[in-house]
Amino acid sequence: ETIGEMVPLGRTFGALANTILIYRLSLIWSLIWIVVTWGRVGWLRILLVVVGAWATWESQRAIGFYALAFVLLHTGYGDGDPVWWRRYEPLDRLATRFESGPGALVSGMAVLGVSVVVAVIWLAALASNDFYLGEGVARRFGGGLTPAHYPVHVAAELARDPAATRLRVVNNLDAAGYLVGHRAGRVYIDGRTEAYPAELWHEYRQLLAGGESALAILRKRRTDRICLAYGSGTVQPLLRTLLGAADWELTAVDESGILWQPRQSLPNGPAAADLLTEARDRLLTALPGPEQRYDGAGSRTGAADRCAALAGLMEVAGRPDDAHRLLRRGLLYAPDHAQLSHNLGNLLLSRSEYTAAAVLFERAARGNRRAVGTRINLAVCYYRLGRLSAAEDALLAALAIDPRRGSAWANLAEVRRRHGDRSGAMAAYSRAVELLPDDRNLRGRAATYRNGRR
């Protein structure tokens, strides 16, 4: 029930799907292996696998321990009954050939060669942007792949305050490491997730949700400054609250960070609109030309990330034209950037430009195979364009990824209703109401349709 790396693996959504799949398959294999080699595997090894599997299910950080236990499960047999393949003479002879002499050397070299090839391919993929963009992951490490998540300018502005080391700074996790490293105030919360009790994580989630409860937390914490890194988009509700709050004054903005302080402490500060315009112009001036060749790996994607981050802030601030300009610029650097395509599609969808929005959502869906929201929005475009079969296919694809997404079921019900599929529509309505019990409009539409009225 916490966040980030501490989310239990069984409830993780949008993480690296292949890692989770391999982990689950290894659990099945471990059970099979223990059964077919019963009496040969030591109890300690079995216990280590069970503990490691449970720990990984609760926290992804334990997956290294589980991997080691999984390897140990296949070693160190005792003197009991032979492993199942030893009971069959042909398999026994084949195994003996590869356990000693030249056969052992050949098999060992073959395993080593395969391991080296897999490692080279895997490491190359893990160091590339395409791997992470395809998984819809915002944070990418190594080779300068995280330029849009460090609030460099606003942290420097904060550190210049003579009382910087005494300031109480409310921040989000994306900003925490940079603030700590640059001694820019005493942070509200940092990335050491195990260091905090569940009550504080509950408060942190309330803070990110924005609204009056977030402002109450700021007062309770006697906050001197608020420094947020907004590249990942998780703080948008809080950004909306602060941009409209009478008690807080926007004092600095850069392409990934934003800074507030109490309004009474800065009576003659620059207008928020001027600061946003300055941040936009500064980024557009600093970016290289889209046609320029890049020497460093990831720099084109880095430029696209920076555009995506600031465009998100502009949209929250009610400046859709600036957001549109930045998103278009970002796509010149990385046309397959799923986040950019999705966000620009949202803007065009809000303007009822359904055909152009559908093209962008299609591109985003190809780029990120786990993007549920993209597929739902694509279905909305298809629905508005009268392409009902395509809309249903897009919604079914979204539900295959996340079967508990209530909005997808609600949209599927509307598509099937318009298609004349009464039983299918009622099934979708029932599931949507089950997942969204507080949605009165949804319950009303479902009841109306159930009673035979359109």
Inset, instruction - Look only at the side chain of Y429 and the backbone of L442, and say whether a donor-acceptor pair between them is shorter than 3.5 Å. - result: no

Legend entry - Student check: side-chain heavy atoms of E414 and R418 closer than 4.5 Å: no

Inset, instruction - Report yes if some heavy atom in the side chain of F65 is under 4.5 Å from a heavy atom in the side chain of V51; otherwise report no. - result: yes

Inset, instruction - To the nearest 0.5 angstrom, please state how far the CD1 atom of I226 sits from the CG atom of N172. - result: 11.0 Å

Legend entry - Greater than 12 external heavy atoms within 6.0 Å of R282's CZ: yes

Inset, instruction - Find out whether the Lys NZ or Arg CZ of R221 is both under 6.0 angstrom from the six-membered ring centre of Y188 and within 45° of the ring's axis. - result: no

Inset, instruction - Mind checking the CZ-OG1 spacing from R280 to T285? Nearest 0.5 Å is all I need. - result: 9.5 Å

Legend entry - Interatomic distance, L326 atom CG to L310 atom CG [nearest 0.5 angstrom]: 5.0 Å

Legend entry - Side-chain donor or acceptor of R375 paired with backbone N/O of A365 under 3.5 Å: yes

Inset, instruction - Return the set of residues passing side-chain hydrogen bond (donor to acceptor under 3.5 Å, both in side chains) with W29 (not counting sequence neighbours), or none when no residue passes. - result: H74

Legend entry - Any side-chain heavy-atom pair of Y230 and L238 under 4.5 Å: no

Inset, instruction - Measure the shortest side-chain to side-chain distance between E199 and E203 over non-hydrogen atoms and say whether it is less than 4.5 angstrom. - result: no

Legend entry - Closest contact, heavy atoms only, V154 versus C227: CG2-SG, 3.9 Å

Inset, instruction - Evaluate the criterion side-chain contact (heavy atoms from CB on, under 4.5 Å) for residue pair L73 and I46; output intermediate values, then yes/no. - result: CA-CA 7 Å; L73 183 67; I46 296 175; 4.3 Å; yes

Legend entry - Side chain R45, main chain L72, donor-acceptor under 3.5 Å: yes

Legend entry - Nearest atoms (heavy-atom pairs only) where D421 meets G424: OD1-N, 3.0 Å

Legend entry - Atom pair CZ (R205) and CG (L200), whose distance is rounded to the nearest 0.5 Å: 10.5 Å

Inset, instruction - Could you tell me whether D321 and R351 make a salt bridge, using a distance below 4.0 angstrom between a side-chain N and a carboxylate O? - result: yes

Inset, instruction - Look at the aromatic rings of Y66 and F70 and report parallel, tilted or perpendicular, splitting at 30° and 60°. - result: tilted

Inset, instruction - Ignoring hydrogens and angles, tell me if any N or O in the side chain of N368 forms a donor-acceptor pair with the backbone of A364 under 3.5 Å. - result: no

Inset, instruction - Test S389 against H419 for side-chain contact (heavy atoms from CB on, under 4.5 Å), laying out the working first. - result: CA-CA 8 Å; S389 295; H419 225 178; 3.6 Å; yes

Legend entry - Approximate separation, where rounding is to 0.5 Å, of T234 OG1 and L173 CG: 8.0 Å

Legend entry - Nearest non-hydrogen partners of A214 and L207, listed with the distance: CB-O, 3.6 Å

Inset, instruction - Locate the shortest heavy-atom distance separating S407 from L436; write the atom from each residue and the value. - result: N-CD1, 3.9 Å

Inset, instruction - Please confirm whether the backbone N or O of I189 pairs with a side-chain atom of N171, one donor and one acceptor, at under 3.5 Å? - result: yes

Legend entry - Side chain proximity check, L395 to W409, heavy atoms < 4.5 angstrom: no

Inset, instruction - With the side chain counted from C-beta on, respond yes when H182 and L158 share a heavy-atom pair under 4.5 Å apart, and no when they do not. - result: no

Legend entry - Non-hydrogen side-chain atoms of H337 and D305 separated by less than 4.5 Å: yes

Inset, instruction - Evaluate the criterion side-chain contact (heavy atoms from CB on, under 4.5 Å) for residue pair L327 and E315; output intermediate values, then yes/no. - result: CA-CA 11 Å; L327 292 169; E315 189 174 358; 5.6 Å; no

Inset, instruction - Please lay out, stage by stage, how S350 and L348 fare under the test side-chain contact (heavy atoms from CB on, under 4.5 Å). - result: CA-CA 5 Å; S350 68; L348 297 181; over 6 Å; no

Legend entry - Test item: Y382 and V415 side chains (from C-beta on) under 4.5 Å apart, heavy atoms: no

Legend entry - Separation of L399 CG from R431 CZ (nearest 0.5 Å): 9.0 Å

Legend entry - Nearest heavy-atom neighbours spanning C381 and A357: SG-CB, 3.7 Å

Inset, instruction - Looking only at non-hydrogen atoms, find the nearest pair between G406 and A432 and report the distance. - result: O-CB, 3.9 Å

Inset, instruction - If a pair satisfies ring pair (Phe, Tyr, Trp, His ring centres under 6.0 Å) and one of its residues is in residues 345-364, list it, with sequence neighbours excluded. - result: H342-F361

Inset, instruction - Please check if atom CZ in R168 has more than 12 non-hydrogen atoms from other residues, nucleotides or ligands closer than 6.0 Å. - result: yes

